[in-house]
S.K.: 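The structure follows.
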Amino acid sequence: MITRLSAAEISQQLKSKQVSAVEVTTEFLNRIESQDSLYGAFLAVDREKALAEAEAAQASIDAGTAGPLTGVPIAVKDNISTLGIETTCASKILKGYIPPYDATVVRQLKEAGAVILGKTNLDEFAMGSSTETSAYKLSHNPWDLTRTPGGSSGGSAAAVAAELAPLALGSDTGGSIRLPASFCGLVGFKPTYGRSSRYGLVAFASSLDQIGPLAKTVEDAALLASVTSGHCDLDATSIKAPAISTEKLKSGTLKGLKLAFPKEMFGEGTDPEVRKATEAALDALRKEGATVDEISIPTIPLGVTTYYIIAPAEASSNLGRFDGVRYGFRSEGQGHIDVVAKSRALGFGHEVKSRIMIGTYALSAGYYDAFYIKAQQVRAQMTQQFLDAFADYDFVVSPTAPVTAFQLGELSQDPMAMKLLDYCTIPANMGGMPAISVPIGFANNLPVGIHLMAGPMRDEELLAASFAVESLFQVEPKRPNIA
Ligand code: GLN
């Protein structure tokens, strides 16, 4: 069955003409149509566009000009702009908004001959960790439909784990690619800040946001990252560096790797089963010849509180553009101010409004120094402490999340517990460092991932090491028990 294969395997079959690009795309479209009511992964699917792209891809395969993703279908998180396809950020305020342009990553995908299947569900404006703040629907974890796939890229994770797409793009501001990857038994990679263009990604917290892949394998994640990276003139924070290379991906070895495990990464809320699985994984890495030293990074426990000043502050400014006039939803009202006020009151959901208020508060006169400046100081200090660790170690390891996938609804009344899910992933966003979640097995009968972080611009080394980590943990069963 084509839908079970990895992107690399599909690409192989396309090149050897065992299957055509239109057949591949049709298989996935049919599976979405018949199965996605179970998972709630997609917000929009454009069958005609996808099939047209598949036909163009086949022409390139026939002409011998195909690249590694030519003809490979991909799902795209719905906060990434797609020309001619509604882009809602799972918010009512963007209902009906059809971007007049493609995000750079989407343009790169199209130029590489990939096929865009559709847009995936997310927490509204990527604010959340369970995809439950979506204004449109719930997404379900393919390993257990009563549980969350994680968030905010929950639709992308559910799509890949349920075999509705071989690959997906997500975005990660505090862990939104890596957390759902860990909950759904996938690989989730956040590149170095600035390596993937943010042009066309609807901004949440611009200094933290980064686009990246969710995939079944490290190889697939690396392929997608290689196509969706490289300098972009339209993003002022884009790094002037070549695209991420996959050349040395398979040469990674565990022998001699110097890993640091910050003891603060086992925070208070760590599930004992996750702790056990992580410790067993670290032991397995040691057996392969890696060294794992316990170190201390004292600012780690400050990450979540710091993030919840900086991210809302940036969000309150970024979301100012949604005024009911320029995009999507618009309420009637008495004059301009009333229209704007009512459009925002009706268009945004509860989580988004609370972040806008927190952010506005943190930036207001009198509180700016006490909150925003203070948070920036902690951020700088935390980044420095990690950079110091990277002077002595190749990678920093930890669990990806303190827990495994929880029941839908379980944490809705406990915003603090929800926010603590990003405890281990936030530092990578704070310092712009590349980080990845790789499946290591199961805890509580649910998938669990290990988190590896590297110094800035060491994306290639991180992916190569992850490739070796993945080969060490031959996770069985590889796929959920799905139809
Ligand atoms: N869970 C975090 C939040 O709610 C991170 C989200 C993200 O990475 N987009 O803000």
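When a ligand or atom number is given, it counts from 1 through the structure's own listing order. Values reported hereafter were calculated over all heavy atoms of this structure, with side chains retained and with hydrogens, waters and symmetry mates removed. Please read these numbers as outputs of a predicted model, since none were measured by experiment.
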S.K.: Check whether more than 12 heavy atoms from other residues, nucleotides or ligands sit under 6.0 Å from atom NZ of Lys419, and answer yes or no.
M.R.: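 Buried by this count: over 12 neighbours within 6.0 Å.
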S.K.: List in chain and number order the residues that pass side-chain contact (heavy atoms from CB on, under 4.5 Å) with Ser153, two or more places apart in sequence or in another chain; answer none if no residue qualifies.
M.R.: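 Lys77, Ser156, Ser176, Ile177, Pro180, Leu214.
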S.K.: Are Arg458 and Phe395 in a cation-pi setup, meaning NZ or CZ lies under 6.0 angstrom from the ring centre and within 45 degrees of the ring axis?
M.R.: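 The answer is yes, since Arg458 meets both limits relative to Phe395.
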S.K.: The criterion is ring pair (Phe, Tyr, Trp, His ring centres under 6.0 Å); which residues satisfy it with Tyr193, sequence neighbours excluded?
M.R.: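 Ring pair (Phe, Tyr, Trp, His ring centres under 6.0 Å) list for Tyr193, sorted by chain: empty.
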S.K.: Would Lys119 pass as a cation-pi partner of Phe42, given that its NZ or CZ must be under 6.0 Å from the six-membered ring centre and within 45 degrees of the axis?
M.R.: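 Because its charged atom misses either the 6.0 Å distance or the 45° angle limit, Lys119 does not stack over Phe42.
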S.K.: Can you pull the residues with any heavy atom under 4.0 Å from ligand 1?
M.R.: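 Lining ligand 1 at under 4.0 Å, by heavy atoms, one finds Ala126, Met127, Gly128, Ser129, Ser152, Asp172, Thr173, Gly174, Gly175, Ser176, Phe204, Tyr307, Tyr308, Arg355, Asp422.
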S.K.: Under the side-chain contact (heavy atoms from CB on, under 4.5 Å) rule, collect the residues that match up with Ala311, sequence neighbours excluded.
M.R.: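 Result, side-chain contact (heavy atoms from CB on, under 4.5 Å) vs Ala311: Phe204, Ala205, Leu208, Tyr307.
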